[in-house]
Structure formats: structure tokens, C-alpha cells
Amino acid sequence: MAKSQLPPDFLWGFATAAYQIEGAVHEDGRADSIWDTFCRQPGKIADASSGEVACDSYRRTSQDIELLKSIGAKAYRFSLSWSRIIPLGGRDDPVNEKGLQHYVHFVDDLRAAGIEPLVTLYHWDLPDNLEKRYGGLLNKDEFVQDFTHYAKVVFEALAGQVKYFITFNEPWCVAVHGYQKGIFAPGRTSDRSVNPEGDGSREPWIVAHSMLVAHGHAVKLFRDEFKPKHGGRIAITLNGDWGEPWDKNDPKDVAAVQRKQEFFIGWHGDPIYFGDYPASMREQLQDRLPEFTEEERAIVKGSNDFYGMNHYCADYVRHIEGVPAADDVTGNTELLKVNKEGERIGPETQSSWLTPNPLGFRKLLNWISNRYDHPTIYVTENGTSLKGENDLPIDQLLEDDFRVQFFEDYIGAMADAYTLDKIDVQGYMAWSLLDNFEWAEGYETRFGVTYVDYEHGQTRHPKKSARMIRHMFDSVIRKE
Ligand code: BGC
């Protein structure tokens with residue numbers, strides 16, 4: 001059988017996010033984000049670290065661009081720090097020209113290097129002042145107006161040079177980790193041993209609704225005022241992992257897989273493609289799930305120019321009997337790594353949640369494509385950590401064969417989805433260009449194709465995977 005291929009203009013590169021790499025948190029007028037304040041609370045970050053220095057990328061833009069060039073990247077996905085651009089965050093607060101110009105120059109420099117920028121507006125780092133001023137994402141009316149204003153400032157500065165905008169990165173993670181588990185900023189949860197405030201049974205659904213409506217408004221603004229002049233596309237990026245039934249002979253586990261996907265992906269995907277939340281969510285959550293007003297529905301439905309897909313792994317899904325817990329976010333299911341027969345879904349990595357399963361990637365590409373009527377898909381993140389990588393001596397760490405194999409298998413699965421299943425996948429960004437601040441796990445978990453030596457001035461050392469990805473795409477992308 002002929003080898004699966006990808007189209008000649010397939011866009012591939014690497015991804016990062018502002019708080020995870022930039023550092024320079026007090027430079028040029030930047031103010032705190034909720035992650036700066038969250039990291040200062042004892043016990044929240046595994047190694048008690050923060051993004052204060054991170055990879056120092058704010059000061060090393062030219063190094064990062066050189067690195068991207070040297071490993072053959074065609075594209076780079078990065079996010080903007082809202083509190084650099086509008087330090088206090090709000091629509092009546094001053095714009096910080098220095099912060100804004102930093103990104104204008106960065107985009108110009110990427111373009112000059114022949115690298116296509118993909119810009120994410122919100123990768124979890126809300127200006128802390130908005131959290132304090134009105135409760136951040138919990139206050140839909142204020143948040144939507146402030147986010148839309150921030151988006152406008154960004155479009156005015158960048159729309160001429162940027163062809164791909166992403167409004168929100170993984171609203172699921174914001175809502176669940178930030179408002180149900182309390183392990184991400186702002187750390188709210190019903191669990192009083194974790195945080196004194198929060199209601200995991202209600203707040204995740206409220207903040208997700210705020211993000212969806214804010215996304216809709218930003219997209220409308222982009223389409224009305226910027227797209228006609230500059231072209232370009234805009235979308236949201238949703239995370240989602242594959243699921244297999246824990247017991248494939250139990251219809252309840254088979255049904256649980258579908259319900260779990262509706263809770264994880266349909267939660268945000270269905271309103272954007274169909275105009276409402278999945279019926280399974282309404283059934284379980286009833287009036288805890290917000291209703292779309294007619295105006296909101298009109299603005300959210302149809303608000304994706306492409307489907308931004310973040311994907312890492314797969315799980316076995318087992319149904320839970322009985323009434324769902326008040327703060328259940330899974331559709332009353334359990335995610336497991338081992339099935340009824342005792343088979344593992346994938347190998348272990350440094351991240352307890354991440355068990356690679358490349359065929360699951362192909363299956364999920366099909367699931368998304370079928371559910372949402374074959375949208376163009378850009379994979380905006382995919383990658384892996386390695387068990388024990390941080391403890392290896394540098395010479396061994398640079399030979400990251402496990403990660404090389406991961407990319408080989410996942411890129412192959414994506415090419416199969418394109419060639420054999422006719423899935424319209426047009427882009428792929430590997431997570432991540434650099435080892436970086438892995439949120440609550442601090443710097444102990446590395447996801448980079450480039451080793452960052454945090455002890456010796458954040459120097460960059462490309463791993464084997466950094467060099468190999470280009471060859472993988474060379475061999476799989478069809479020549480004209
Ligand atoms: C996030 C990244 C994160 C990665 C690995 C994704 O959910 O967008 O910021 O570093 O997963 O955990």
C-alpha cells in the first residue's frame with residue numbers, strides 16, 4: 001500500500017504560550033496575571049517555581065526565531081500576554097505601547113524569517129486586576145466586553161501581518177482545572193482543603209459560557225472589521241483526548257465514551273457548530289448549565305473559521321453507576337489507563353494523564369470531522385513528556401528517542417487520517433518548541449523539543465526530536 005501523505009501546503013511548526021516561556025514579568029510595564037499571583041501562593045506549584053524567568057523568551061526573540069529556522073519550522077504558534085498589552089486589563093484602562101510593540105516586532109521578525117505566525121489571544125493568563133476588580137471570567141458581562149476590547153487592540157496592531165488567530169486555548173482546562181479542581185489559576189474549587197472559595201458544581205459551567213460568548217464577540221469583530229481588509233482566519237482551540245470503552249462488551253461503557261466526548265469536546269464544540277450544549281450535558285446538569293440567549297446563540301453559532309485541535313493521548317472510559325457527584329465534569333464516567341482485560345492504553349510518561357496512543361489520534365480526527373461536518377482542522381498542539389527526563393544527564397536527555405517515536409507515530413496517524421479517511425487536516429504544531437513552565441508541575445516536566453538549561457542562563461539545546469520532525473514532514477508532505 002502507498003504511504004499516506006499530507007498536502008503540499010501543509011503548515012507545520014511548533015507551539016508555546018506566553019506565561020510558560022516569556023519571563024520578564026515586570027519588564028516594560030507588564031502587570032501581574034492570575035498566574036503570577038497563583039504561583040506566589042505556597043503549595044500551588046510542584047517545585048514552588050513560577051514563570052518569572054521561564055525561558056526568558058521575552059528578551060530572546062531573535063534566538064527563538066533562529067532556533068525555529070534552524071529546525072525547519074514553517075509556522076510558530078505563540079500566545080500574547082494580555083497584561084503586557086493592557087496591564088490592568090479593562091476596556092477603559094490604558095494600552096501599554098511597549099508591550100504591544102514587542103509583539104508587533106516579533107511578528108515582523110517571524111515573517112522576515114519566513115515563519116507563519118499563529119497568534120493565541122488567551123492562554124490562561126488573565127490580567128490579575130480583572131480577577132480582583134470583578135471576579136474575572138465569572139462576570140460574563142464585564143469579561144466579554146473587556147476581552148472583545150483587548151481583541152480589538154490586538155487586531156488593530158497585528159491583523160495585517162497575522163493570518164491565523166486563536167481566541168481561547170482550551171477553555172476546558174480553564175474551567176475544570178481553574179474552577180473545579182482548583183489546580184490552575186485562579187484555583188477555585190468546592191474542595192476546602194485546596195481553596196477557601198469556589199463552587200465546582202456551578203462555576204466551571206459559568207466561566208465556560210463567558211469564554212464562548214467572548215469568543216463569539218471577538219470573531220464577529222474580526223469578521224466585520226478586519227477580515228474584509230486583511231483576510232485571515234480565526235478559531236478557538238479545544239483540547240480533547242480519545243476514549244475507548246473500559247469493557248468493550250458493556251453497552252454502558254460504550255455509551256459512556258460518547259458522553260465523555262460530549263462533556264469534554266461537545267461542551268464548547270457543539271455551541272460553536274450547532275448553537276447549543278449537548279443534550280447529555282443538559283440532562284445531567286439541568287439549570288446549572290447556562291442557557292444561551294438568542295443574541296448569544298446567534299453570535300456563537302458558526303464562529304469558527306477552522307477547528308483548532310489540541311490532542312495528546314487516550315484513556316479507557318468506564319461508566320459510573322448512580323447519581324453523578326455535584327461537581328462531576330465527566331458525564332459520570334471514570335478515565336482509566338488499564339482496561340478490563342488488563343491492557344494499558346499506552347506507555348507511561350512524566351505526566352500522569354498522558355498515555356500516548358497514536359491510533360486514538362486518527363480516531364479522534366474522524367470523530368471531530370464527522371460530528372462537525374468536516375471542518376478544516378489545524379492541530380494546534382500535540383506532544384509528550386518523557387518519564388524521568390528531568391533526571392537524565394544532558395547527553396542522554398538530548399537523545400529523546402521516545403519523543404521522536406511519538407512524533408513519528410502521531411504524524412503518521414494524521415497522514416493516514418488525511419489520506420485514507422479524507423479528513424481535512426491542514427496544519428500541525430508540535431508542543432513544544434522549548435522545555436518550559438509546565439503550570440502546576442513547574443519545571444520538573446519537560447515537553448520541549450529543545451532542552452532549556454535553567455541552571456545556566458536558559459541556554460537552548462535542540463534535542464534529537466527537534467531535528468527529526470522536519471525529516472518526518474519532508475517524507476510525508478506531497479511535493480507539488
Ligand atoms: C496546554 C499547554 C500545556 C500542555 C502540556 C496543553 O493542555 O495548552 O499549555 O503545557 O498541554 O500539559
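Every number for a ligand or one of its atoms is a count from 1 in the order of the listing.
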Practice item. Identify the residue among K163, R233, R111 that makes a salt bridge (Lys or Arg N to Asp or Glu O under 4.0 Å) with E116. Key: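 The single option meeting the salt bridge (Lys or Arg N to Asp or Glu O under 4.0 Å) with E116 is R111.
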Review point. At a non-hydrogen distance cut-off of under 4.0 Å, which region of F437 contacts ligand 1 (side chain, backbone, both, or neither)?
Key: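 Looking at F437 and ligand 1, no heavy atom falls under 4.0 Å.
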[X] heavy atoms, cut-off 4.0 Å: which ligand 1 atoms fall inside?
X    : answer
H123 : 1 (C), 2 (C), 8 (O), 9 (O)
E438 : 3 (C), 5 (C), 10 (O), 12 (O)
N169 : 8 (O)

Check your understanding: Measuring from the heavy atoms of Y19, does anything fall under 4.0 Å of ligand 1?
Key ->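 No.
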Pairwise side-chain contact, [X] with [Y], heavy-atom cut-off 4.5 Å (strictly under):
X    : Y    : result
D128 : K132 : yes
W353 : D315 : no
F402 : P356 : yes

Check your understanding: For S465 and D400, which heavy atoms make the closest approach, and how far apart are they?
Key ->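 That would be OG-OD2, 2.5 Å.
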Check your understanding: With respect to F473, which candidate in Y428, F14, F407 satisfies the ring-ring contact (aromatic ring centres under 6.0 Å, His included) definition?
Key ->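 So, applying the ring-ring contact (aromatic ring centres under 6.0 Å, His included) to F473 and each of Y428, F14, F407, only Y428 qualifies.
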Review point. Given P117, which of Y164, F165, Y103, F78 fulfils the side-chain contact (heavy atoms from CB on, under 4.5 Å) condition?
Key: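 For P117, the side-chain contact (heavy atoms from CB on, under 4.5 Å) check succeeds only for F78.
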Could you identify the single nearest non-hydrogen protein atom to [atom] and state the distance to 0.1 Å?
atom                    : value
atom 7 (O) of ligand 1  : E170 OE1, 2.5 Å
atom 11 (O) of ligand 1 : Y312 OH, 3.4 Å
atom 1 (C) of ligand 1  : E381 OE1, 3.3 Å

Check your understanding: Judging by distance only, is a nitrogen or oxygen of W439 under 3.5 angstrom from one on ligand 1?
Key ->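 Yes: some nitrogen or oxygen of W439 is under 3.5 Å from one in ligand 1.
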